[in-house]
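Accompanying notes for the structure given below.
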Amino acid sequence: MAEYQTPKDRAYTNKLINSAPKEAAAFLNLKYTAERKDGVIPVKYRELMSVAVALTTQCAYCIESHIQNAVEAGATQEEIAETVFIAAAIRAGGAVGNGLMAMRLFEEASTAAR
C-alpha cells in the first residue's frame, strides 16, 4: 500500500461514528464545546491554539481544518508561521523535560543494579 493517510479516508467518517455512537457523540460534544465561538478566548486565538496542538499531535486533518478556520477568523500568514515555531519549540521542550525524567530513571536503575 503506497498511501497510509489520504483525504479519501474521510469517506469512512460515518462508518466510524456509527460503529461507536456513544463514544463518537461524547467526542463530538467535547469538540463542539471546545471550539465554540462564544467562549472568553476569541475565535482566532482558539484556532491558532488548535493549529499548534494539531502540529504537535501531527493530525493532518486537524491541521487542514484549523488552518482553514484560522484564515476565516482573520489569522495572518505571519501568525501561522509564529504558531508553527511556537509549537516546534514546545514540542522540543517536552523532549527535554522528559529527558530530565530519563536521567533520574537511569540514575535510579543504575543504583538499583549495583
Side-chain angles (χ1 to χ4, degrees):
M1 173 176 259
E3 290 182 303
Y4 288 101
Q5 191 174 42
T6 169
K8 292 181 268 185
D9 294 340
R10 287 189 182 102
Y12 292 90
T13 301
N14 286 333
K15 182 175 269 194
L16 177 62
I17 290 170
N18 293 331
S19 295
K22 287 184 180 180
E23 292 82 354
F27 169 76
L28 292 170
N29 185 55
L30 173 61
K31 182 175 172 12
Y32 173 79
T33 302
E35 295 176 359
R36 71 188 192 278
K37 302 205 183 319
D38 65 343
V40 174
I41 299 171
V43 174
K44 181 170 84 168
Y45 299 145
R46 283 177 182 268
E47 290 303 331
L48 291 171
M49 287 188 287
S50 296
V51 168
V53 172
L55 290 166
T56 59
T57 60
Q58 300 177 331
C59 173
Y61 301 113
C62 300
I63 294 167
E64 178 185 35
S65 171
H66 290 292
I67 288 289
Q68 181 65 42
N69 292 347
V71 168
E72 290 171 7
T76 66
Q77 179 175 312
E78 293 78 12
E79 288 171 324
I80 297 297
E82 287 186 15
T83 298
V84 168
F85 288 108
I86 290 167
I90 297 301
R91 185 166 176 120
V96 173
N98 284 318
L100 298 172
M101 179 181 65
M103 297 302 292
R104 176 181 52 82
L105 294 172
F106 174 82
E107 187 175 275
E108 291 171 0
S110 296
T111 301
R114 290 184 193 154

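As a basis for the values below, the full set of heavy atoms in this structure was taken, side chains included, without hydrogen atoms, waters or symmetry mates.
- By the 4.5 Å heavy-atom criterion applied to side chains, Glu107 and Arg104 are not counted as neighbours.
- By the 6.0 Å contact criterion, CD on Glu108 is enclosed, its count of non-hydrogen atoms from other residues, nucleotides or ligands being greater than 12.
- When each of Thr83, Asn69, Ile41 is paired with Glu47, the side-chain contact (heavy atoms from CB on, under 4.5 Å) condition holds for Asn69 and for no other.
- Without hydrogens or angle criteria, Thr57 side chain to Val53 main chain gives a donor-acceptor distance under 3.5 Å.
- Cluster membership for Val84 and Val51, using ILVMFWY side-chain heavy atoms within less than 4.5 angstrom, is shared.
- Contact of the Arg36 side chain with the Arg46 side chain is registered, since non-hydrogen atoms from C-beta on lie closer than 4.5 Å.
- Looking only at distances, no side-chain donor or acceptor of Arg114 sits under 3.5 Å from a matching main-chain atom of Thr111.
- A continuous path of hydrophobic side-chain contacts links Tyr45 to Ile63 [ILVMFWY only; heavy atoms under 4.5 Å].
- Rounding to the nearest 0.5 Å gives a distance of 7.5 Å between CD of Glu82 and OG1 of Thr76.
- One side chain, Gln68 or Glu72, offers a donor N or O that lies under 3.5 Å from an acceptor on the other.
- By the rule that hydrophobic residues join a cluster once side-chain heavy atoms approach within less than 4.5 Å of another member, Ile86 and Ile80 end up as members of separate clusters.
- When atom types are taken as modelled, the side chain of Thr13 and the backbone of Arg10 share a donor-acceptor pair closer than 3.5 angstrom.
- No more than 12 heavy atoms of other residues, nucleotides or ligands sit less than 6.0 Å from atom CZ of Phe85.
- Shortest non-hydrogen contact noted between Tyr61 and Thr6 is OH-O, 2.6 Å.
- No side-chain donor-acceptor contact under 3.5 Å links Asn98 to the backbone of Ala95.
- Remark: the backbone N or O of Asn14 is paired with a side-chain donor or acceptor of Asn18 at under 3.5 angstrom.
- Residues Ile17 and Leu28 have side chains in contact (heavy-atom distance under 4.5 Å, counting atoms from C-beta outward).
- Heavy atoms from other residues, nucleotides or ligands lying under 6.0 Å from CD1 of Ile90 number 12 at most.
- Between Ile67 atom CD1 and Cys62 atom SG the span is 11.5 Å, to the nearest 0.5 Å.
- Of all heavy-atom pairs between Gly74 and Glu79, the closest is O-OE1, 4.0 Å.
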